[in-house]
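Accompanying notes for the structure given below.
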Amino acid sequence: MTKEEIVELILKENKFESLNPVQRKAFEMGILDGENLVVSSPTSSGKTILAELAGLNVSLNKGQKMLYLSPLVALAREKYEEFKKKYEKYGIKVALSIGNYDSSDPFLEKYSWIVCSNEKADSLIRHEASFIKDVGLVVADEIHLLDDFERGPTLEILLTILKEILPSAQFLAFSATIKNAEEIGEWLGAKVLKSDFRPVPLYKGILVGNKIKMFKRESYELRSDLSLEESIVEDTLLKKKQLIFFLSSRKNAEALAERLSNLVFHFLEEKEIKELEKISQKIEKALEIPTEQCKKLANCLKKGVAFYHSGLVFFQRVLIEENYKKGLIKVITSTTALAFGINLPNWRAVVRDVKRYYPGLGSIYLPVLEVEQMFGRSGRPQYDKWGEGILVAKNKEEERELNEYYIRGELEEISSQISSESALRMHILSLVANRFCKSQNQLVEFLKKTFFGKKYGQVEILKEKVEGIIFALEDWGFLKTQEIREDGEVVDKQLMVTKVGKRISQLYIDPLSANIFIENLINCQKANEFSFLSFLAKAKELKPSPNLSSKDIFLIEQEIFENQDWFFFPIPDEFDEEYEEFLREAKLAMIFSFWINEKSEKEIMQKFKITPGELRSRIEIADWLIYSILEISKLVPVAKQIQKLLRKLRVRIYYGIKEELIPLVKLEGIGRLRARLLFNAGVKTIQDLKGKPVEKIAQILKSKTLAQKIKEKISSQ
DNA sequence: CTGCTCGACGTCTAGACAGCATGTC
DNA sequence: CTAGACGTCGAGCAG
């Protein structure tokens, strides 16, 4: 297929007349000749199309694969759907590979385009996935994530590895507009394409008092008899548009949503009210028993407003996104959760809280890049002539600062976060585990090839850390080393992974967590539920631990006191520095403990001030950690009774049940509530179920269809 | 006596990736 | 770059 034909195909599938300026530039720069490119341009400037262009070229003309890396599972899913819809009919087989949902791990060989999260790609390499060798194109989306303290290093190491094992593959890296795209280009051996192109122009402004001062556009005034939030909402709704507020905390987001809902309600049409009523009910029923948060959200939704943050459960988030797109929801009040997420078309973005709290630093201005992301999607092609991004200033003085910093100011540089100790620890183990680096010198050589190495020209600062980490990893039994001598002098250190080390690298847990597990479990003879849960909460993966409130402390200390004889790790003294963290861990343990003792979600939420979304994600992590501990315990001596306790605990945490319900939840469609109903009615095992007539089961479960399904299931076993 | 307003004081703070085996609201 | 919004509770005041 010629270049022109590929472009033709892309235009047809995307229903475009012609390539946009960014795309044309990429074409001229040789994107279809295998040229490496770093593209730095705003969200919505059509970067995905570039991946499609190069992807078609590589797959149709060379029979190679495209590996598409995304920082977010939600984004990965979105791209996957999009690619599939457009190009499957041309013989491009598209796969999605992310944690939790895996279309086809071992069969990725058969697919031409593989969409995955950065971490999943890293994990695939650790598992020595064989398809990697067939990759002819690597696309890294949102590469400014390199700057993220926790997740940046994974992306950096991943790209460095991919560059090494795929020397002739084409690399495309996409970034939001950043200052030092050239440096990234230099690192990846890529040409740099910088552009400010947006399909719909974005105008920025600052709201002070009741006046919006627009930059490069006429300013305007709002009503002064309303609060500033209300007046800007009114102005937007009168223009028949929608808006998103960005706020600094969940509490703020919820409070503002409630405050705005009565105003927004007046703008709704009869038909919309009916529709919203339906959605509101769905939102409220997202959990077994609606929590206060669900009710609050449902109430706001009835009036056309939604708050949005990670404390919501997945289903609720999706509903809000969908109905904002449809135009039913008029206003969203959000935390930063929406800034990075999926493509949510919008007209006006209002950053009300330009500062955010950072522990130890107090409240400081958001990075320019982040504010740009929030503004990013304002202005929808086809609907709007322009979009607006508005910052809220409290006074003249702040207005001046915001203007200087965000409107006229420069973007930050992206830098490498690879020198973070925990990142190095994790990745050094994995680099040795997959035999990528076989000696300490090789490791240092590898680090020279990272963005860090290229940017600073040397890795001396890392050397010492590397040595320390290797020492620790060896000490923990995850690595073996052997000195290499020349003329009696030590010149290098050979590195070999142990069996445990290899497994830990594959399980994708922090070696430090793994070591804590092993050290404590090897000599552990007895543990109970609570002591084990407190132990689990020590893992880095479950940090940060929940915050303590003053009334929690009594409750937690009492629980600790009752279980004190069961702890198999030292309890810090009340006056030790670690004591507070210990209490916070114990709080998480109590939350889990309530959960597996079948306390209602509502009670847990209220008692511990935790949100449904948060509980879910913690449970997921705990499940993964227990699985990992079980896997590790196959390789180190751990008492049989402890393993047994763990296996039971895993099922109980996953479902939130007492031990007696374990046999029942194995059935599809039976969760913690239904299992309890059955048990209390005397149905305690699958055998009991077999002995009961369908009608009886239906009566217990209050559902005929479910009873029918269960009966079919057990009779076919 | 009751109900409301206002201010002092205390509280609390964003997000989300990974394993594995199969099918949740 | 080292805070600030929200909620609670009680005092003070009007009715």
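Values reported hereafter were calculated over all heavy atoms of this structure, with side chains retained and with hydrogens, waters and symmetry mates removed. A, B, ... follow the sequence lines: proteins, then strands. Residue 1 opens every chain.
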Just to be sure I understand the rule, does [X] reach a base, reach only the sugar-phosphate, or reach nothing, if contact means heavy atoms closer than 4.0 Å?
| X | result |
| --- | --- |
| A:D148 | base |
| A:T154 | nothing |
| A:T336 | base |
| A:K285 | sugar-phosphate |
| A:D623 | base |

Between A:F478 and A:A514, the two heavy atoms sitting closest are CZ-CB, 4.1 Å
When every non-hydrogen atom of A:I596 is compared with those of A:R652, the smallest separation belongs to O-NH2, 3.1 Å
Distance under 6.0 Å and angle within 45° of ring axis: A:R126 vs A:Y508
yes
Under 3.5 Å for both pairing distances: what stems, at least three Watson-Crick or G-U pairs long, include DNA chain C?
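Detected stem regions: B:1-13 with C:3-15.
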Rounded to the nearest 0.5 Å, the CG atom of A:D122 sits from the OG atom of A:S430 at a distance of 5.5 Å
Across all chains, not counting sequence neighbours, the side-chain hydrogen bond (donor to acceptor under 3.5 Å, both in side chains) partners of A:E401 are A:Y365
Sorted by chain and residue number, the side-chain hydrogen bond (donor to acceptor under 3.5 Å, both in side chains) partners of A:E631 (sequence neighbours excluded) come out as A:R503, A:K634
With rounding to whole Å, what would you report as the distance between C:dC6 and B:dA14 at their P atoms?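 13 Å, rounded to whole Å.
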Quick test: give all pairs of protein nitrogen or oxygen and nucleotides 16-18 of chain B nitrogen or oxygen below 3.5 Å, distance rounded to 0.1 Å.
{"unit_1": "B:dC17", "atom_1": "OP1", "unit_2": "A:V73", "atom_2": "N", "d": "2.9"}
{"unit_1": "B:dC17", "atom_1": "O4'", "unit_2": "A:R151", "atom_2": "NE", "d": "3.4"}
{"unit_1": "B:dC17", "atom_1": "O4'", "unit_2": "A:R151", "atom_2": "NH2", "d": "3.3"}
{"unit_1": "B:dC17", "atom_1": "O3'", "unit_2": "A:S117", "atom_2": "OG", "d": "3.3"}
{"unit_1": "B:dA18", "atom_1": "OP1", "unit_2": "A:G99", "atom_2": "N", "d": "2.9"}
{"unit_1": "B:dA18", "atom_1": "OP1", "unit_2": "A:S117", "atom_2": "OG", "d": "2.6"}

May I have the distance from [X] (atom [atom1]) to [N] (atom [atom2]), rounded to whole angstrom?
| X | N | atom1 | atom2 | value |
| --- | --- | --- | --- | --- |
| A:L630 | B:dA21 | CG | P | 13 Å |
| A:R584 | B:dC12 | CZ | C1' | 12 Å |
| A:E254 | B:dC12 | CD | C1' | 14 Å |
| A:L247 | B:dT13 | CG | C1' | 13 Å |
| A:I125 | B:dG19 | CD1 | P | 13 Å |
| A:R674 | B:dC25 | CZ | C1' | 10 Å |
| A:E668 | B:dT24 | CD | C1' | 9 Å |
| A:L548 | B:dT13 | CG | C1' | 14 Å |

| said: Main chain of A:L247, side chain of A:D353: is a donor-acceptor contact present, judged purely on distance under 3.5 Å? | reply: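 No, A:D353 side chain to A:L247 backbone: no donor-acceptor pair under 3.5 Å.
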Has A:E78 got a side-chain atom pairing as donor or acceptor with A:A74's backbone, closer than 3.5 angstrom?
no
Specify the residue among A:H309 and A:Y627 whose closest nucleotide of DNA chain B lies further upstream toward the 5′ end.
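That would be A:H309.
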Next on the checklist: Assess whether a salt bridge exists between A:K540 and A:E150, defined as any Lys/Arg side-chain N lying under 4.0 Å from an Asp/Glu carboxylate O.
Outcome noted: no
Practice item. Keeping to residues at least two apart or across chains, list the salt bridge (charged side-chain N to carboxylate O under 4.0 Å, His left out) pairs with something in residues 617-628 of chain A. Key: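 Sorted result for residues 617-628 of chain A: A:D623-A:R650.
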- Message: Quick one, A:R616 with A:E601, criterion salt bridge (Lys or Arg N to Asp or Glu O under 4.0 Å). Give me CA distance, side-chain angles, the key distance, then yes/no.
- Response: CA-CA 10 Å; A:R616 287 292 156 93; A:E601 283 182 292; 3.0 Å; yes
The Watson-Crick or G-U wobble partner of B:dA18, with both key distances under 3.5 Å, is none
* Asked: Counting only side-chain N and O atoms of A:R356, is one of them less than 4.0 Å from OP1 or OP2 of B:dC12?
  -> no
Exercise for the section: Give the C-alpha distance, both sets of side-chain angles, the deciding distance and a yes or no for side chain to side chain donor-acceptor pair (under 3.5 Å) between A:E370 and A:T336. Expected result: CA-CA 9 Å; A:E370 215 167 308; A:T336 51; 4.8 Å; no
With sugar-phosphate taken as primed atoms, P, OP1 and OP2 and all else as base, the protein-contact string of nucleotides 1-9 of chain C at under 4.0 Å (heavy atoms; B, S, -) is BBBSSS---
